[in-house]
Amino acid sequence: MTGNIIFAAAAVTFAVVFWLMLQLITSRRDLLNMTPAEHGWYAKRLFPLMLLFAAFLTAGSLAQQWGWP
């Protein structure tokens, strides 16, 4: 049960990352012309979310092994 809840949290986190990336890709004609500030803005938001997604997946996979109900 706990593993399923954690997997759901991972899915929500992935959806947020996907939405941010889709918004970036569709809003710009040429992604290489982004300013360093724009790259930094996306990096500060996407990398922690990707790490959180990986942490949720790891915890969800190991939940039963760790004895969580």
Side-chain angles (χ1 to χ4, degrees):
M1 178 68 182
T2 305
N4 291 338
I5 294 171
I6 295 173
F7 280 131
V12 169
T13 306
F14 180 77
V16 169
V17 169
F18 188 76
W19 177 73
L20 283 173
M21 287 299 296
L22 190 64
Q23 190 178 33
L24 168 68
I25 291 169
T26 58
S27 67
R28 310 271 311 172
R29 182 171 292 226
D30 187 9
L31 294 177
L32 297 177
N33 288 337
M34 288 176 54
T35 64
E38 289 173 315
H39 281 291
W41 188 89
Y42 276 100
K44 286 178 185 175
R45 279 144 188 87
L46 289 180
F47 290 145
L49 286 172
M50 286 189 274
L51 289 174
L52 183 64
F53 171 69
F56 279 144
L57 280 182
T58 303
S61 298
L62 297 173
Q64 189 172 10
Q65 184 178 353
W66 290 341
W68 295 349

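These figures come from a predicted structure and were not determined experimentally.
- Linking Ile, Leu, Val, Met, Phe, Trp and Tyr whenever their side-chain heavy atoms come within less than 4.5 Å puts Met50 and Tyr42 in one cluster.
- The number of heavy atoms from other shown groups lying within 6.0 Å of CZ (Phe47) does not exceed 12.
- Pairing each heavy atom of Pro48 with each of Ala43, the nearest pair is CD-O, 3.7 Å.
- Both Val16 and Leu46 belong to a common hydrophobic cluster when Ile, Leu, Val, Met, Phe, Trp and Tyr are linked at side-chain heavy-atom distances under 4.5 angstrom.
- Residues Trp41 and Leu22 do not share a hydrophobic cluster, clusters being chains of Ile/Leu/Val/Met/Phe/Trp/Tyr side chains in contact below 4.5 Å.
- Atom CZ of Phe7 has more than 12 neighbouring heavy atoms from other residues, nucleotides or ligands inside a 6.0 Å radius.
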Which side-chain N or O atoms in residues 56-69 pair as donor and acceptor under 3.5 Å with protein atoms at least two apart or in another chain?
{"residue": "Thr58", "atom": "OG1", "partner": "Ala54", "partner atom": "O", "Å": "2.9"}
{"residue": "Ser61", "atom": "OG", "partner": "Leu57", "partner atom": "O", "Å": "2.9"}

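- Taking hydrophobic clusters as Ile, Leu, Val, Met, Phe, Trp and Tyr residues chained together by side-chain heavy-atom distances below 4.5 Å, Ile6 does not share a cluster with Leu49.
- In the displayed structure, Met21 atom CE is contacted under 6.0 Å by at most 12 heavy atoms of other residues, nucleotides or ligands.
- The two atoms that bring Gln23 and Thr26 nearest to each other are O-OG1, 3.5 Å, heavy atoms only.
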